[in-house]
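Remarks on the structure that follows.
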2 protein chains.
Amino acid sequence: MLCGVPVRPQPPESLPDDAADDAFRSDCPARVVLDHVTSRWGVLVLTGLATGPLRFHELRTKIEGISEKMLSQTLRTLVRDGLVERAVEPSSPPRVSYSLTPLGEGLTQPLQHLFIWIRDHARLVSAAQERHDARSEGQPG
Amino acid sequence: MLCGVPVRPQPPESLPDDAADDAFRSDCPARVVLDHVTSRWGVLVLTGLATGPLRFHELRTKIEGISEKMLSQTLRTLVRDGLVERAVEPSSPPRVSYSLTPLGEGLTQPLQHLFIWIRDHARLVSAAQERHDARSEGQPG
DNA sequence: TATAGGGGCTTACTTTTAGTAAGAAGCGAT
DNA sequence: ATCGCTTCTTACTAAAAGTAAGCCCCTATA
């Protein structure tokens, strides 16, 4: 009964917003999953695989800026989490390809919404940053 | 014309999936936004504010495990990004409360979907981890 | 006047995590 | 026998996060 989650009886006195609760607790499985998914490269790897299986170096190329070490490490974590599957084709040299599991596929839907939002609003955020920086320079402190 | 995005001509030979592209490039504004949003505490802060404004220590209490330093730092980043607003009530002592801007509110919708998915599937992930660890122990090397 | 305490931070220091560069295993081709 | 390709590791260094303490402004208490 990890951190009270498994049979959480939904206490009626709390949570006007039912949805976004679990991951706020530091000792919950949900927090661990959130940490893995939103790790430095987790979102990119998961979303990178959303359109189909990719080999190690294909992923590395697609995700600009990731190092082999971090790609390897992130993939290992996600494989362990059951979100990504690692398949070794017994050729020579053996080709390793990664794909989403059915579980992982469910996750990429919210992640793609996030991606789309970010793509569509990134420039608004940049503009806000510039406004903020301009204001801050004017106000010495 | 930052990193070719503004008037990206959509080369037809790539991207069968139009949507999830931008943040894959390391020099794009979208990548910066993704980094801020999915920073260690970004998702939790943003989602924590989704149900309404909160004061500094209220947020700190809601988000188990965050330190004051990281809360302060994360909030500063998100305020600069125009996703969160910082309001100082001129009382004595002054109360500082944080809330989502309209821009930030748009972002919390995808994030809440992510939260819900994680809450609903965290145990499946934990189970996958246990299976994986059991298998790995059996296979030395 | 001294003192304690709350709220919202910041600073100095330590630990963890990520980045960089190089190398190793396994094989086939030259 | 050496080269190179692919998928990872392994050292080492740099950056980010964690920890603990303190600061500033105010208010209440004695």
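Predicted model, so just to flag it, every value in this text is computed and none were measured. Every chain is numbered from 1 and lettered A, B, ... according to where its sequence line falls, protein lines coming before strand lines. Worth knowing before you read on, the calculation uses all heavy atoms, side chains too, and leaves out hydrogens, waters and symmetry mates.
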Would you say [X] places a side-chain N or O within less than 4.0 Å of OP1 or OP2 belonging to [N]?
X      : N       : value
R55(B) : dG6(C)  : no
S72(A) : dT7(D)  : no
R40(B) : dG18(D) : yes

Interatomic distance, [X] [atom1] vs [N] [atom2] [rounded to whole Å]:
X      : N       : atom1 : atom2 : result
M70(B) : dG8(C)  : CE    : C1'   : 16 Å
D35(A) : dA18(C) : CG    : P     : 10 Å
R76(A) : dT7(D)  : CZ    : P     : 15 Å
Q73(B) : dA17(D) : CD    : C1'   : 8 Å
L71(B) : dA20(D) : CG    : C1'   : 17 Å
Y98(A) : dT6(D)  : OH    : P     : 15 Å
E68(A) : dT9(D)  : CD    : P     : 11 Å
I66(B) : dA16(D) : CD1   : C1'   : 14 Å

[X] has a side chain; which of [options] sits nearest to it?
X      : options                  : result
W41(A) : dG26(C), dA18(C), dG8(C) : dA18(C)
P93(A) : dA18(C), dA17(D), dT6(D) : dT6(D)
K69(B) : dT19(D), dC8(D), dA11(D) : dT19(D)

* With a 4.0 Å cut-off on heavy atoms, is R60(B) in touch with a base, just the backbone sugar-phosphate, or nothing at all? -> nothing
* Show the numbers, then the answer: is there a side-chain contact (heavy atoms from CB on, under 4.5 Å) between Y98(A) and L49(A)? => CA-CA 8 Å; Y98(A) 293 89; L49(A) 292 174; 4.2 Å; yes
* Could you tell me which non-hydrogen atom of D22(B) sits nearest to which non-hydrogen atom of A30(B), and how far apart they are? => CB-CB, 3.7 Å
* Minimum heavy-atom separation for T47(B) to F115(B), with atom names? -> OG1-CE1, 3.7 Å
* Structure fact -> Interatomic distance, OG1@T77(A) vs CD@Q129(B), rounded to 0.5 Å, equals 9.5 Å
* Applying side chain to side chain contact (heavy atoms under 4.5 Å, CB included) between H36(A) and each of D81(A), T74(A), L46(A), report the one that passes. => D81(A)
* Asked: Does S39(A) or P94(A) map to a spot on DNA chain C nearer the 5' end, using the closest nucleotide for each?
  -> S39(A)
